[in-house]
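Below, chain A is the first sequence line, B the second, and so on; all start at residue 1.
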There are 2 protein chains.
Amino acid sequence: MPRRVDHEERRAHITAALLRIAGTRGLQAVSMREVAAEAGISLRLVQYYVSDKPTLLRLGLDELAARLDRRIRERAAARGAGLAPRAVLEVVLTSILPVDEASRLDRMAWSAYFAVALTDPALLAGATNHPDALEDWLTTVLVRARDSGDVNSGREPRTEVAALLALTNGLSDSVVGGQRDADAALAILDYQLDRLFDRSTPA
Amino acid sequence: MPRRVDHEERRAHITAALLRIAGTRGLQAVSMREVAAEAGISLRLVQYYVSDKPTLLRLGLDELAARLDRRIRERAAARGAGLAPRAVLEVVLTSILPVDEASRLDRMAWSAYFAVALTDPALLAGATNHPDALEDWLTTVLVRARDSGDVNSGREPRTEVAALLALTNGLSDSVVGGQRDADAALAILDYQLDRLFDRSTPA
DNA sequence: GCCTTGGTGGTACACCTGTATCATCAAGGC
DNA sequence: GCCTTGATGATACAGGTGTACCACCAAGGC
(Lines give C-alpha, C1' and ligand atoms only; values in the text may rest on other atoms or scores of the structure.)
Protein backbone atom coordinates (compact mmCIF):
# COMPACT_ATOMS: atom_id res chain seq x y z
CA MET A 1 0.00 0.00 0.00
CA PRO A 2 1.18 3.55 -0.66
CA ARG A 3 1.11 6.09 2.09
CA ARG A 4 -2.40 7.03 3.08
CA VAL A 5 -3.63 10.53 3.69
CA ASP A 6 -6.36 11.97 5.89
CA HIS A 7 -8.97 12.91 3.33
CA GLU A 8 -11.05 14.81 5.84
CA GLU A 9 -8.14 16.99 6.82
CA ARG A 10 -7.28 17.64 3.18
CA ARG A 11 -10.83 18.64 2.39
CA ALA A 12 -10.83 20.98 5.37
CA HIS A 13 -7.65 22.57 4.08
CA ILE A 14 -9.17 23.04 0.63
CA THR A 15 -12.40 24.38 2.10
CA ALA A 16 -10.49 26.94 4.13
CA ALA A 17 -8.73 28.13 0.99
CA LEU A 18 -12.07 28.38 -0.81
CA LEU A 19 -13.57 30.51 1.94
CA ARG A 20 -10.50 32.70 2.04
CA ILE A 21 -11.04 33.52 -1.64
CA ALA A 22 -14.80 33.89 -1.28
CA GLY A 23 -14.35 36.29 1.64
CA THR A 24 -11.75 38.49 -0.03
CA ARG A 25 -12.39 38.32 -3.76
CA GLY A 26 -15.94 36.94 -3.86
CA LEU A 27 -17.49 33.71 -5.02
CA GLN A 28 -17.13 34.68 -8.66
CA ALA A 29 -13.36 34.52 -8.16
CA VAL A 30 -13.59 30.94 -6.91
CA SER A 31 -12.41 28.52 -9.57
CA MET A 32 -10.85 25.12 -9.15
CA ARG A 33 -7.51 26.53 -10.21
CA GLU A 34 -7.71 29.51 -7.85
CA VAL A 35 -8.60 27.29 -4.93
CA ALA A 36 -5.70 25.01 -5.78
CA ALA A 37 -3.29 27.94 -5.89
CA GLU A 38 -4.63 29.37 -2.62
CA ALA A 39 -4.34 25.96 -0.95
CA GLY A 40 -0.84 25.55 -2.33
CA ILE A 41 -1.62 22.31 -4.15
CA SER A 42 -2.17 21.27 -7.75
CA LEU A 43 -5.45 21.43 -9.59
CA ARG A 44 -5.40 17.66 -9.83
CA LEU A 45 -5.47 17.30 -6.05
CA VAL A 46 -8.47 19.57 -5.67
CA GLN A 47 -10.23 17.32 -8.16
CA TYR A 48 -9.04 14.26 -6.30
CA TYR A 49 -10.26 15.23 -2.83
CA VAL A 50 -13.28 17.21 -3.96
CA SER A 51 -14.81 15.61 -7.01
CA ASP A 52 -17.12 18.35 -8.22
CA LYS A 53 -17.29 22.10 -8.09
CA PRO A 54 -20.83 21.85 -6.70
CA THR A 55 -19.40 19.59 -4.01
CA LEU A 56 -16.71 22.13 -3.29
CA LEU A 57 -19.21 24.94 -2.93
CA ARG A 58 -21.31 22.82 -0.64
CA LEU A 59 -18.31 22.16 1.55
CA GLY A 60 -17.80 25.89 1.91
CA LEU A 61 -21.40 26.49 2.88
CA ASP A 62 -21.35 23.73 5.47
CA GLU A 63 -18.13 25.06 6.95
CA LEU A 64 -19.62 28.53 7.16
CA ALA A 65 -22.57 27.17 9.13
CA ALA A 66 -20.22 25.16 11.34
CA ARG A 67 -18.13 28.23 12.08
CA LEU A 68 -21.17 30.19 13.21
CA ASP A 69 -22.12 27.31 15.45
CA ARG A 70 -18.60 27.23 16.87
CA ARG A 71 -18.63 30.98 17.51
CA ILE A 72 -21.89 30.75 19.41
CA ARG A 73 -20.60 27.91 21.59
CA GLU A 74 -17.30 29.64 22.29
CA ARG A 75 -18.98 32.90 23.22
CA ALA A 76 -21.43 31.02 25.42
CA ALA A 77 -18.64 29.07 27.11
CA ALA A 78 -16.71 32.28 27.75
CA ARG A 79 -19.63 33.61 29.78
CA GLY A 80 -20.08 30.53 31.91
CA ALA A 81 -23.10 28.36 32.61
CA GLY A 82 -26.63 29.35 33.56
CA LEU A 83 -26.89 32.36 31.29
CA ALA A 84 -29.73 34.79 31.80
CA PRO A 85 -32.13 35.17 28.86
CA ARG A 86 -30.69 38.50 27.84
CA ALA A 87 -27.18 37.05 27.92
CA VAL A 88 -28.30 34.20 25.67
CA LEU A 89 -29.62 36.65 23.13
CA GLU A 90 -26.44 38.71 23.36
CA VAL A 91 -24.29 35.66 22.79
CA VAL A 92 -26.20 34.48 19.75
CA LEU A 93 -26.68 37.85 18.11
CA THR A 94 -23.14 39.11 18.63
CA SER A 95 -21.90 35.81 17.25
CA ILE A 96 -23.74 36.57 14.03
CA LEU A 97 -22.40 40.11 13.77
CA PRO A 98 -19.04 40.58 12.04
CA VAL A 99 -17.09 41.94 14.99
CA ASP A 100 -13.56 40.94 14.01
CA GLU A 101 -11.64 40.28 10.83
CA ALA A 102 -12.36 36.55 10.78
CA SER A 103 -16.11 36.90 11.21
CA ARG A 104 -16.11 39.77 8.74
CA LEU A 105 -14.56 37.61 6.04
CA ASP A 106 -16.99 34.82 6.85
CA ARG A 107 -19.92 37.19 6.60
CA MET A 108 -18.66 38.39 3.21
CA ALA A 109 -18.51 34.81 2.01
CA TRP A 110 -21.96 34.20 3.46
CA SER A 111 -23.43 37.14 1.58
CA ALA A 112 -22.02 35.74 -1.64
CA TYR A 113 -23.48 32.33 -0.87
CA PHE A 114 -26.83 33.84 0.01
CA ALA A 115 -27.02 35.57 -3.36
CA VAL A 116 -26.31 32.48 -5.42
CA ALA A 117 -28.51 30.29 -3.22
CA LEU A 118 -31.46 32.54 -4.09
CA THR A 119 -31.36 31.35 -7.69
CA ASP A 120 -29.64 27.99 -7.29
CA PRO A 121 -31.81 25.81 -5.05
CA ALA A 122 -29.39 22.93 -5.58
CA LEU A 123 -27.07 24.57 -3.06
CA LEU A 124 -29.68 24.49 -0.31
CA ALA A 125 -30.90 20.97 -1.02
CA GLY A 126 -30.15 18.82 1.98
CA ALA A 127 -28.45 21.62 3.86
CA THR A 128 -28.50 21.36 7.63
CA ASN A 129 -28.96 25.09 7.65
CA HIS A 130 -32.16 25.80 9.56
CA PRO A 131 -32.56 29.39 10.64
CA ASP A 132 -35.99 28.46 11.93
CA ALA A 133 -34.47 26.16 14.53
CA LEU A 134 -32.48 29.05 15.97
CA GLU A 135 -35.59 31.22 15.98
CA ASP A 136 -37.60 28.54 17.76
CA TRP A 137 -34.99 28.09 20.43
CA LEU A 138 -34.57 31.79 21.13
CA THR A 139 -38.34 32.10 21.30
CA THR A 140 -38.50 29.59 24.15
CA VAL A 141 -35.77 31.56 25.89
CA LEU A 142 -37.78 34.75 25.59
CA VAL A 143 -40.97 33.01 26.72
CA ARG A 144 -39.19 31.98 29.89
CA ALA A 145 -37.91 35.53 30.36
CA ARG A 146 -41.42 36.87 30.02
CA ASP A 147 -42.87 34.32 32.41
CA SER A 148 -40.23 35.12 35.00
CA GLY A 149 -40.91 38.82 34.70
CA ASP A 150 -37.65 39.87 33.02
CA VAL A 151 -39.62 40.94 29.99
CA ASN A 152 -42.93 42.75 30.01
CA SER A 153 -45.92 40.47 29.45
CA GLY A 154 -47.13 42.61 26.56
CA ARG A 155 -44.28 41.47 24.33
CA GLU A 156 -44.73 38.73 21.76
CA PRO A 157 -41.65 36.51 22.06
CA ARG A 158 -41.81 35.01 18.59
CA THR A 159 -42.19 38.39 16.88
CA GLU A 160 -39.46 39.94 19.02
CA VAL A 161 -37.03 37.14 18.21
CA ALA A 162 -37.79 37.25 14.51
CA ALA A 163 -37.24 41.01 14.56
CA LEU A 164 -33.97 40.70 16.48
CA LEU A 165 -32.60 38.12 14.06
CA ALA A 166 -33.63 40.15 11.03
CA LEU A 167 -32.17 43.27 12.64
CA THR A 168 -28.89 41.49 13.31
CA ASN A 169 -28.70 40.30 9.72
CA GLY A 170 -29.42 43.76 8.43
CA LEU A 171 -26.81 45.26 10.74
CA SER A 172 -24.29 42.65 9.62
CA ASP A 173 -24.82 43.61 6.00
CA SER A 174 -24.40 47.27 6.85
CA VAL A 175 -21.10 46.48 8.58
CA VAL A 176 -19.56 44.47 5.74
CA GLY A 177 -21.02 47.02 3.36
CA GLY A 178 -18.99 49.69 5.10
CA GLN A 179 -21.98 51.76 6.17
CA ARG A 180 -21.00 51.59 9.83
CA ASP A 181 -18.45 49.82 11.99
CA ALA A 182 -18.99 46.89 14.31
CA ASP A 183 -19.16 49.03 17.43
CA ALA A 184 -21.98 51.11 15.99
CA ALA A 185 -23.88 47.93 15.12
CA LEU A 186 -23.32 46.57 18.62
CA ALA A 187 -24.62 49.81 20.11
CA ILE A 188 -27.83 49.59 18.08
CA LEU A 189 -28.30 45.97 19.10
CA ASP A 190 -27.75 46.85 22.74
CA TYR A 191 -30.21 49.71 22.49
CA GLN A 192 -32.89 47.29 21.29
CA LEU A 193 -32.11 44.71 23.96
CA ASP A 194 -32.17 47.35 26.66
CA ARG A 195 -35.66 48.29 25.62
CA LEU A 196 -36.84 44.70 25.40
CA PHE A 197 -35.60 43.84 28.88
CA ASP A 198 -36.90 46.99 30.56
CA ARG A 199 -39.69 45.80 32.85
CA SER A 200 -40.77 49.36 33.61
CA THR A 201 -42.01 49.52 30.04
CA PRO A 202 -45.67 48.60 29.75
CA ALA A 203 -46.98 46.73 26.69
CA MET B 1 -28.45 59.76 -42.97
CA PRO B 2 -29.71 56.34 -41.94
CA ARG B 3 -32.59 56.08 -39.55
CA ARG B 4 -31.71 57.17 -36.05
CA VAL B 5 -32.67 55.35 -32.92
CA ASP B 6 -33.31 56.49 -29.38
CA HIS B 7 -30.21 55.21 -27.60
CA GLU B 8 -31.62 55.95 -24.18
CA GLU B 9 -34.68 53.87 -24.85
CA ARG B 10 -32.59 51.03 -26.21
CA ARG B 11 -30.35 51.03 -23.16
CA ALA B 12 -33.41 50.95 -20.93
CA HIS B 13 -34.70 47.95 -22.85
CA ILE B 14 -31.38 46.16 -22.45
CA THR B 15 -31.16 47.09 -18.78
CA ALA B 16 -34.62 45.67 -18.16
CA ALA B 17 -33.57 42.40 -19.78
CA LEU B 18 -30.43 42.32 -17.64
CA LEU B 19 -32.42 42.80 -14.43
CA ARG B 20 -34.92 40.15 -15.49
CA ILE B 21 -32.07 37.64 -15.75
CA ALA B 22 -30.38 38.83 -12.55
CA GLY B 23 -33.66 38.51 -10.65
CA THR B 24 -34.54 35.05 -11.88
CA ARG B 25 -31.28 33.28 -12.62
CA GLY B 26 -28.80 35.42 -10.73
CA LEU B 27 -26.02 37.75 -11.69
CA GLN B 28 -23.71 34.87 -12.56
CA ALA B 29 -26.12 33.97 -15.37
CA VAL B 30 -25.76 37.44 -16.85
CA SER B 31 -23.58 37.35 -19.94
CA MET B 32 -23.63 39.61 -22.96
CA ARG B 33 -25.15 36.83 -25.01
CA GLU B 34 -27.82 35.99 -22.44
CA VAL B 35 -28.84 39.61 -22.15
CA ALA B 36 -29.03 39.87 -25.92
CA ALA B 37 -31.24 36.80 -26.11
CA GLU B 38 -33.49 38.04 -23.30
CA ALA B 39 -33.79 41.44 -24.96
CA GLY B 40 -34.52 39.79 -28.29
CA ILE B 41 -31.63 41.43 -30.07
CA SER B 42 -28.23 40.36 -31.33
CA LEU B 43 -25.05 40.30 -29.29
CA ARG B 44 -23.64 42.99 -31.53
CA LEU B 45 -26.39 45.40 -30.56
CA VAL B 46 -25.77 44.94 -26.88
CA GLN B 47 -22.17 45.82 -27.57
CA TYR B 48 -23.26 48.76 -29.67
CA TYR B 49 -25.56 50.41 -27.16
CA VAL B 50 -23.67 49.32 -24.07
CA SER B 51 -19.97 49.30 -24.73
CA ASP B 52 -18.67 47.35 -21.76
CA LYS B 53 -19.90 44.68 -19.45
CA PRO B 54 -18.94 46.84 -16.47
CA THR B 55 -21.04 49.58 -18.03
CA LEU B 56 -23.92 47.16 -18.42
CA LEU B 57 -23.74 46.11 -14.78
CA ARG B 58 -23.63 49.70 -13.70
CA LEU B 59 -26.76 50.44 -15.72
CA GLY B 60 -28.54 47.66 -13.87
CA LEU B 61 -27.49 48.97 -10.47
CA ASP B 62 -28.60 52.51 -11.29
CA GLU B 63 -31.96 51.26 -12.55
CA LEU B 64 -32.44 49.27 -9.36
CA ALA B 65 -31.86 52.39 -7.27
CA ALA B 66 -34.19 54.37 -9.53
CA ARG B 67 -36.93 51.77 -9.17
CA LEU B 68 -36.76 51.95 -5.38
CA ASP B 69 -37.00 55.71 -5.61
CA ARG B 70 -40.01 55.41 -7.90
CA ARG B 71 -41.71 52.95 -5.54
CA ILE B 72 -41.31 55.28 -2.61
CA ARG B 73 -42.73 58.23 -4.54
CA GLU B 74 -45.66 56.22 -5.88
CA ARG B 75 -46.53 54.87 -2.47
CA ALA B 76 -46.26 58.32 -0.99
CA ALA B 77 -48.43 59.83 -3.71
CA ALA B 78 -51.05 57.12 -3.18
CA ARG B 79 -51.43 58.24 0.43
CA GLY B 80 -51.79 61.91 -0.33
CA ALA B 81 -49.97 64.94 1.00
CA GLY B 82 -49.06 65.88 4.55
CA LEU B 83 -48.19 62.41 5.76
CA ALA B 84 -47.82 61.82 9.48
CA PRO B 85 -44.35 60.68 10.63
CA ARG B 86 -45.49 57.10 11.10
CA ALA B 87 -47.00 57.07 7.60
CA VAL B 88 -43.72 58.34 6.16
CA LEU B 89 -41.85 55.48 7.79
CA GLU B 90 -44.45 53.00 6.58
CA VAL B 91 -44.20 54.27 3.02
CA VAL B 92 -40.43 54.09 2.91
CA LEU B 93 -40.01 50.78 4.68
CA THR B 94 -42.79 48.94 2.84
CA SER B 95 -41.32 50.25 -0.40
CA ILE B 96 -38.09 48.47 0.45
CA LEU B 97 -39.80 45.21 1.37
CA PRO B 98 -40.47 42.75 -1.48
CA VAL B 99 -44.26 42.73 -1.29
CA ASP B 100 -45.13 41.77 -4.85
CA GLU B 101 -43.52 39.83 -7.67
CA ALA B 102 -41.86 42.85 -9.25
CA SER B 103 -40.25 44.07 -6.05
CA ARG B 104 -39.31 40.50 -5.18
CA LEU B 105 -37.36 40.10 -8.42
CA ASP B 106 -35.71 43.46 -7.90
CA ARG B 107 -34.70 42.53 -4.38
CA MET B 108 -33.20 39.28 -5.69
CA ALA B 109 -31.17 41.24 -8.21
CA TRP B 110 -30.18 43.67 -5.49
CA SER B 111 -28.89 40.88 -3.26
CA ALA B 112 -26.75 39.64 -6.12
CA TYR B 113 -25.41 43.14 -6.70
CA PHE B 114 -24.72 43.61 -3.01
CA ALA B 115 -22.61 40.46 -2.90
CA VAL B 116 -20.41 41.38 -5.84
CA ALA B 117 -20.14 45.02 -4.72
CA LEU B 118 -18.59 43.80 -1.47
CA THR B 119 -15.49 42.62 -3.32
CA ASP B 120 -15.65 44.82 -6.40
CA PRO B 121 -15.42 48.46 -5.33
CA ALA B 122 -15.39 49.53 -8.99
CA LEU B 123 -19.15 48.95 -9.05
CA LEU B 124 -19.81 51.44 -6.26
CA ALA B 125 -17.41 54.10 -7.55
CA GLY B 126 -19.41 57.18 -8.40
CA ALA B 127 -22.72 55.58 -7.57
CA THR B 128 -25.47 57.93 -6.49
CA ASN B 129 -26.48 55.27 -4.01
CA HIS B 130 -26.47 56.88 -0.58
CA PRO B 131 -28.24 54.89 2.11
CA ASP B 132 -27.05 57.46 4.60
CA ALA B 133 -29.11 60.16 2.94
CA LEU B 134 -32.27 58.13 3.49
CA GLU B 135 -31.27 57.53 7.09
CA ASP B 136 -30.66 61.23 7.66
CA TRP B 137 -33.98 62.21 6.23
CA LEU B 138 -35.97 59.66 8.23
CA THR B 139 -34.13 60.79 11.33
CA THR B 140 -35.38 64.34 10.91
CA VAL B 141 -38.89 62.93 10.47
CA LEU B 142 -38.60 61.04 13.72
CA VAL B 143 -37.14 64.02 15.52
CA ARG B 144 -40.21 66.01 14.53
CA ALA B 145 -42.45 63.18 15.74
CA ARG B 146 -40.70 63.15 19.07
CA ASP B 147 -40.89 66.93 19.45
CA SER B 148 -44.59 66.89 18.67
CA GLY B 149 -45.20 64.13 21.20
CA ASP B 150 -46.07 61.31 18.79
CA VAL B 151 -43.02 59.44 19.96
CA ASN B 152 -41.81 59.20 23.53
CA SER B 153 -38.99 61.60 24.35
CA GLY B 154 -36.83 58.74 25.62
CA ARG B 155 -36.31 57.39 22.12
CA GLU B 156 -33.18 58.15 20.13
CA PRO B 157 -34.36 59.00 16.62
CA ARG B 158 -31.12 58.21 14.82
CA THR B 159 -30.73 54.82 16.49
CA GLU B 160 -34.38 53.94 15.93
CA VAL B 161 -34.18 54.80 12.25
CA ALA B 162 -30.95 52.87 11.74
CA ALA B 163 -32.54 49.89 13.47
CA LEU B 164 -35.70 50.11 11.38
CA LEU B 165 -33.75 50.24 8.14
CA ALA B 166 -31.53 47.33 9.14
CA LEU B 167 -34.61 45.41 10.28
CA THR B 168 -36.34 46.04 6.98
CA ASN B 169 -33.29 44.86 5.07
CA GLY B 170 -33.06 41.74 7.18
CA LEU B 171 -36.76 41.05 6.73
CA SER B 172 -36.43 41.55 2.98
CA ASP B 173 -33.68 38.96 2.83
CA SER B 174 -35.79 36.54 4.83
CA VAL B 175 -38.65 37.02 2.39
CA VAL B 176 -36.68 36.43 -0.79
CA GLY B 177 -34.89 33.62 1.05
CA GLY B 178 -38.24 31.93 1.53
CA GLN B 179 -38.10 31.96 5.31
CA ARG B 180 -41.39 33.86 5.59
CA ASP B 181 -43.85 35.58 3.27
CA ALA B 182 -44.35 39.27 2.73
CA ASP B 183 -47.35 39.46 5.05
CA ALA B 184 -45.39 38.03 7.94
CA ALA B 185 -42.63 40.54 7.33
CA LEU B 186 -45.15 43.37 7.21
CA ALA B 187 -46.64 42.19 10.48
CA ILE B 188 -43.26 42.27 12.18
CA LEU B 189 -42.59 45.73 10.83
CA ASP B 190 -45.98 46.95 12.02
CA TYR B 191 -45.35 45.47 15.43
CA GLN B 192 -42.17 47.50 15.76
CA LEU B 193 -43.79 50.70 14.51
CA ASP B 194 -46.72 50.25 16.88
CA ARG B 195 -44.30 50.09 19.75
CA LEU B 196 -42.29 53.08 18.56
CA PHE B 197 -45.36 55.29 18.19
CA ASP B 198 -46.98 54.29 21.47
CA ARG B 199 -46.82 57.40 23.65
CA SER B 200 -47.99 55.51 26.72
CA THR B 201 -44.63 53.75 26.66
CA PRO B 202 -42.07 55.48 28.86
CA ALA B 203 -38.42 55.61 27.84
C1' DG C 1 10.55 -9.25 -5.56
C1' DC C 2 6.66 -8.22 -7.72
C1' DC C 3 2.33 -6.22 -7.99
C1' DT C 4 -1.71 -4.02 -6.25
C1' DT C 5 -3.30 0.48 -5.16
C1' DG C 6 -3.76 5.23 -3.09
C1' DG C 7 -1.76 9.54 -4.18
C1' DT C 8 0.09 12.91 -7.64
C1' DG C 9 1.58 15.44 -11.91
C1' DG C 10 0.67 17.21 -16.33
C1' DT C 11 -2.19 18.20 -19.86
C1' DA C 12 -5.88 18.01 -23.28
C1' DC C 13 -10.67 18.95 -24.50
C1' DA C 14 -14.91 21.12 -25.16
C1' DC C 15 -17.30 25.09 -23.83
C1' DC C 16 -18.32 29.76 -22.58
C1' DT C 17 -16.79 34.35 -21.79
C1' DG C 18 -15.86 39.49 -23.27
C1' DT C 19 -14.30 41.92 -26.99
C1' DA C 20 -12.63 43.14 -31.70
C1' DT C 21 -13.09 42.99 -36.62
C1' DC C 22 -14.98 42.90 -41.20
C1' DA C 23 -18.86 43.55 -43.87
C1' DT C 24 -23.57 45.17 -45.14
C1' DC C 25 -27.68 47.91 -45.16
C1' DA C 26 -30.41 51.97 -45.65
C1' DA C 27 -31.58 56.69 -45.29
C1' DG C 28 -30.77 61.25 -46.27
C1' DG C 29 -27.37 65.58 -47.91
C1' DC C 30 -24.94 67.30 -51.87
C1' DG D 1 -26.91 59.47 -58.08
C1' DC D 2 -23.55 58.95 -55.12
C1' DC D 3 -21.62 58.95 -50.78
C1' DT D 4 -21.50 59.78 -45.91
C1' DT D 5 -22.90 57.67 -41.74
C1' DG D 6 -25.76 55.46 -38.08
C1' DA D 7 -27.39 50.87 -37.31
C1' DT D 8 -26.90 45.94 -37.78
C1' DG D 9 -25.15 41.12 -38.86
C1' DA D 10 -21.82 37.46 -38.56
C1' DT D 11 -17.87 35.76 -36.84
C1' DA D 12 -13.13 35.40 -35.14
C1' DC D 13 -10.01 35.48 -31.24
C1' DA D 14 -7.73 34.95 -26.93
C1' DG D 15 -8.43 33.64 -22.45
C1' DG D 16 -10.59 31.20 -18.66
C1' DT D 17 -13.66 27.39 -17.03
C1' DG D 18 -14.85 22.49 -15.30
C1' DT D 19 -13.68 18.01 -16.20
C1' DA D 20 -11.42 13.84 -18.18
C1' DC D 21 -7.52 11.30 -19.28
C1' DC D 22 -2.90 9.20 -19.20
C1' DA D 23 1.23 8.45 -16.96
C1' DC D 24 3.95 7.73 -12.77
C1' DC D 25 5.40 7.05 -8.12
C1' DA D 26 5.93 4.70 -3.90
C1' DA D 27 4.60 1.88 -0.08
C1' DG D 28 3.18 -2.32 1.64
C1' DG D 29 0.90 -7.46 1.12
C1' DC D 30 1.88 -11.98 -0.81
A.B. asks: Please, which pairs that meet salt bridge (Lys or Arg N to Asp or Glu O under 4.0 Å) have at least one residue in residues 158-175 of chain A, sequence neighbours excluded?
C.D. replies: A:R107-A:D173, A:E135-A:R158, A:D136-A:R158, A:R155-A:E160, A:E160-B:R195
A.B. asks: Under 4.0 Å between a side-chain N or O of B:S42 and OP1 or OP2 of D:dG9?
C.D. replies: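 Answer is yes, contact under 4.0 Å.
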A.B. asks: Please determine if a side-chain N or O atom of A:H7 lies less than 4.0 Å away from the OP1 or OP2 oxygen of C:dG6.
C.D. replies: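 False: A:H7 side-chain N/O out of range (4.0 Å or more) of C:dG6 OP1/OP2.
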A.B. asks: For B:T159, check side-chain hydrogen bond (donor to acceptor under 3.5 Å, both in side chains) against everything at least two apart and list the hits.
C.D. replies: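 Testing B:T159 for side-chain hydrogen bond (donor to acceptor under 3.5 Å, both in side chains), a comparison that skips the adjacent residues, returns B:E156.
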A.B. asks: Output the rounded distance in Å from OH (A:Y48) to C1' (C:dT11).
C.D. replies: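 Interatomic distance, OH of A:Y48 to C1' of C:dT11: 19 Å.
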A.B. asks: What is the separation between atom CD1 on B:I21 and atom P on C:dT17, rounded to the nearest whole Å?
C.D. replies: 11 Å
A.B. asks: Taking only N/O atoms, report every protein-nucleotides 17-20 of chain D pair under 3.5 Å with atom names and distance.
C.D. replies:
from   : atom 1 : to    : atom 2 : distance (Å)
D:dG18 : OP1    : A:K53 : NZ     : 2.8
D:dG18 : OP2    : A:M32 : N      : 2.9
D:dG18 : N7     : A:R33 : NH1    : 2.8
D:dG18 : O6     : A:R33 : NH2    : 3.1
D:dT19 : OP1    : A:D52 : OD1    : 3.4
D:dT19 : OP2    : A:K53 : N      : 3.0
D:dA20 : N7     : A:Q47 : NE2    : 3.0
D:dA20 : N6     : A:Q47 : OE1    : 2.9

A.B. asks: In whole angstrom, give the distance that lies between atom CZ of A:R4 and atom C1' of D:dA26.
C.D. replies: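 It works out to 14 Å between those atoms.
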A.B. asks: Run the side chain to side chain contact (heavy atoms under 4.5 Å, CB included) check on A:L57 and A:Y113 step by step: do they pass?
C.D. replies: CA-CA 9 Å; A:L57 292 181; A:Y113 267 104; 4.0 Å; yes
A.B. asks: In the structure I gave you, are the side-chain heavy atoms of A:Q28 and B:T119 within less than 4.5 Å of one another anywhere?
C.D. replies: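 When only atoms from C-beta onward are counted, B:T119 and A:Q28 do touch, with a gap below 4.5 Å.
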A.B. asks: Thinking salt bridges, do A:R146 and A:D150 make one under a 4.0 Å N-O criterion?
C.D. replies: no
A.B. asks: Does a nitrogen or oxygen in the side chain of A:Y49 sit under 4.0 Å from OP1 or OP2 of C:dG7?
C.D. replies: no
A.B. asks: Compare all side-chain heavy atoms of A:T24 with those of A:M108 and state whether any distance is below 4.5 angstrom.
C.D. replies: no
